[in-house]
Every structure is written in C-alpha cells, then in structure tokens.
Amino acid sequence: MLKIATWNVNSIRKRIDQLCSFVTEDEIDIIMLQEIKCTNEQFPYEQIEQLGYKCIVHGEKARNGVAILSKYPVIEDSLSTSIVDNEEARYLECLIECNGFNLRVASVYVPNGQSIDSEAFKYKLHFFDCLYQRLHDLFGKEEITIVGGDYNVAPNKIDVHDDYANEDKIGFNIDERGKLFAILHSGYCDAFRITNPESKEFSWWDYREGSWQQNKGMRIDHILLSPEATDRLEKCYINNKMRAKENPSDHAPVVCVLEESINYSLK
DNA sequence: ATGGTGGCTGGGCCA
C-alpha cells in the first residue's frame, strides 16, 4: 500500500508541527505541498528529514512555493520547475523509485485568479494551458504519474457549497473549469471523484465569514492520476480534521491510497 | 456590510 497526499499548508513554517503529526498519523509515504511561502534556505528540512522523508523544494520569498516529501528514494529532482515563463514557484516534478517501479510525482499550485475580469484570471488560464502541455507531454512517459495540488478550480456543482455554483465566482467559471476538464480528458483521473461519486466534500474553506463553521467550502485540491495509477486506486479521502485544528491552513489534505503489489509494467 | 481572516512582512499584497 502506498499513501500519497497533497496539501496546501499556507506557510510551511506556521504549519510544520501540524504537517509532522499529519504525515505520521495518516502514515503518508509521499506528500505534495503548496504555498510553503518560504525560500529554499528557510525550509525546515531537519524536522521533516527526522521523520524519514527526503525533501524536494522549490520555494520563493514570502509567497507561493511547492515541495515534495518522500519516504522512498528520489532518483531525479528539480524537473521542470518552470512550466510558465516567469519566476513564480508553482510547479515541481520528480521521479521516485518505489519498490522497483518509478512514480512521476508533481506538485502544482495554480494561480488563484482573483476575479473573472482581472489580468490575474488571464494568467490563471495561461498557467492551465502550460500545465496541460506539460501533463500531455508526460502522458505515457512513466506508467505511474501523480499530479497533486491546489488547482483553484472546483470541477462541478457538487464540488462547491450551494451559494457558490455561479459562473461569476472565481474557481467556478466555465473557462477555468474547461481548462481542468481538458487535462482530465487528456487521460488523467480525479482520484477523489472516481472513488466517491456522490460525496459533497470540500478541501478549502475561507478563513472569513465563518465559512468553516457553516461548511461553505470548495473542492479545489485534487490528485490527478494517470490510467495505470487509477487502476491501482483503492480509495481517496479528504482529511478535514486538519481544518478543524487550532491555527489551521485554510486547506485540508487530500489523500489517495494505491495498491503497490502489482506489476506496473505494460511491456 | 465593497467587509471579513490569515500569512507574508515591516506597508500593502495576495488569497
């Protein structure tokens, strides 16, 4: 069994103790992190390595920043840390060797987009185009590809609270949903939705307006799987206990469980 | 209610 998680921590330095208890209690093998909000130098390597994880970090000062932590050996790192032609730390990819087969793992932090009529929204759509291109290029390269992250898009009505299922709302506009659908159509699977077809669950709740208390959230954090990974998918869950803690991230971790005792080679 | 809270910082910007 292989447990793989994604979590937007909203500052790794603020959340380091919660991260350590989460990966220990949920027995996480690999985790993709977003919004670490620190430089590579500021990253708390020591505390995480003590738990047996290798750290691959692509940070920047004060904002954004992605990382991948793995209990299994990382055989290639710093792959394609820039899928968009700018300096923002929003994408990181590596290759992990796991009991004789390779996993290509990516951590992605899609721009929020601010509002539908903003320049930031155009950038969000452009980022999605670049992400699509990268994931399209990866398709079939390794059998097992896992792309976890904060996509800042809820795929369908069931993924947002009732007040929010509106074209004007950022994260639910048809153009950005279309970009996510295009990635799914290219062959990747939404691990949570395929294992929980009817569940109205969220992965993010605004800090403001009592959103958590009223359960007014959105499911915007996703684990996308290549077909050979999807075949091995046992379950996927959102650990919203992490959102209920004191000083939480505004996001909850998403976890998928893969069966690993399978010959992954198609040849 | 054009607000609200939280994290970067060290005054706003971003989410």
Side-chain angles (χ1 to χ4, degrees), chain A residues 6-22 32-45 47-48 57-67 84 86-92 107-128 131 148-155 159-164 166-173 175-177 179-180 202-222 238-254:
Chain A
T6 183
W7 191 20
N8 179 324
V9 290
N10 189 17
S11 169
I12 186 82
R13 289 173 291 175
K14 284 278 179 185
R15 232 64 65 192
I16 182 62
D17 290 341
Q18 288 185 30
L19 174 70
C20 289
S21 62
F22 164 65
M32 300 82 97
L33 302 175
Q34 302 83 39
E35 282 206 272
I36 61 172
K37 291 189 171 176
C38 68
T39 61
N40 288 12
E41 292 71 30
Q42 294 170 315
F43 191 85
Y45 286 96
Q47 211 171 332
I48 295 168
V57 182
H58 180 38
E60 67 173 274
K61 188 183 176 185
R63 50 204 297 273
N64 305 324
V66 285
V84 179
N86 66 27
E87 300 298 312
E88 293 192 337
R90 294 181 175 275
Y91 185 84
L92 175 63
S107 179
V108 60
Y109 176 45
V110 174
N112 170 283
Q114 293 178 356
S115 63
I116 307 304
D117 56 2
S118 68
E119 285 301 311
F121 185 68
K122 295 189 181 109
Y123 171 50
K124 183 179 194 175
L125 297 180
H126 174 65
F127 186 94
F128 262 116
L131 181 62
D150 176 1
Y151 290 78
N152 266 311
V153 170
D159 301 307
V160 295
H161 67 88
D162 295 341
D163 303 346
Y164 207 87
N166 186 307
E167 170 76 9
D168 300 335
K169 303 287 190 181
I170 194 70
F172 200 70
N173 173 268
D175 291 337
E176 52 187 321
R177 288 164 60 211
K179 300 291 186 189
L180 180 57
F202 308 133
S203 66
W204 172 84
W205 299 259
D206 202 314
Y207 284 123
R208 297 167 288 189
E209 298 178 316
S211 297
W212 166 250
Q213 288 75 12
Q214 299 170 66
N215 195 28
K216 290 187 171 180
M218 302 172 72
R219 193 174 69 87
I220 57 176
D221 300 273
H222 309 298
I238 300 171
N239 185 336
N240 57 19
K241 289 198 184 83
M242 297 307 297
R243 184 63 177 83
K245 285 188 184 292
E246 214 170 311
N247 302 314
S249 167
D250 44 354
H251 296 253
V254 183

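In the text below, chain A, chain B and the rest are named by the order of the sequence lines, each starting its count at 1. Everything quoted here is computed from the prediction, not taken from an experiment.
The A/Asn112 side chain lies nearest to B/dA15 when the options are B/dA15, B/dG7, B/dG4. Taking only side-chain atoms of A/Gln114, from C-beta outward, the nucleotide of B/dC14, B/dG7, B/dG4 with the closest atom is B/dC14. Listed nucleotides B/dA15, B/dT5, B/dC8 differ in distance to A/Ala62; the shortest reach to its side chain belongs to B/dC8. The side chain of A/Ser11 approaches B/dC8 more closely than any other nucleotide in the set B/dG4, B/dT5, B/dC8.
Rounding to whole angstrom units, CG of residue A/Asp168 and C1' of B/dT2 are separated by 15 Å. The distance between atom CZ of A/Arg243 and atom P of B/dT5, rounded to the nearest whole Å, is 13 Å. One atom, CD of A/Gln34, and another, C1' of B/dA15, lie 14 Å apart when rounded to the nearest Å. With rounding to whole Å, A/Ile36 atom CD1 is found 18 Å from B/dG6 atom C1'. The distance between atom OH of A/Tyr207 and atom P of B/dA15, rounded to the nearest whole Å, is 14 Å. Atoms NZ (A/Lys61) and C1' (B/dC14) sit 15 Å apart, rounded to a whole Å. Atom pair A/Lys37:NZ and B/dC14:P shows a separation of 12 Å (rounding to whole Å applied). What separates CH2 of A/Trp212 from P of B/dT5 is a distance of 18 Å, to the nearest Å.
Interatomic distance, A/Leu33 CG to A/Asp150 CG, rounded to the nearest 0.5 Å: 12.0 Å.
Ion pairing between A/Lys179 and A/Glu176 fails under the 4.0 Å rule for side-chain N and carboxylate O.
In this model, the phosphate group of B/dG7 is not approached by any side-chain N or O of A/Arg13 to a distance below 4.0 Å at OP1 or OP2.
Position along DNA chain B of the nearest nucleotide to A/Tyr109 versus A/Pro248 favours A/Pro248 as the more 5'-ward residue. Between A/Asn10 and A/Asp250, the residue anchored closer to the 5' end of DNA chain B is A/Asn10, taking for each the nucleotide with the nearest heavy atom.
Closest heavy-atom contact between A/Tyr207 and A/Pro248: OH-O, 2.9 Å. Contact detail for A/Asn8 and A/Glu35: the closest heavy-atom pair is ND2-OE1, 3.0 Å.
A distance of about 16 Å separates the C1' atoms of B/dA15 and B/dG3, rounded to the whole Å. On the P atoms, B/dC14 is 28 Å away from B/dA1, given to the nearest whole Å.
When heavy atoms are screened at a 4.0 angstrom cut-off, A/Arg90 is found touching the sugar-phosphate backbone but no base atom.
Looking only at distances, a side-chain donor or acceptor of A/Ser203 sits under 3.5 Å from a matching main-chain atom of A/Asp221.
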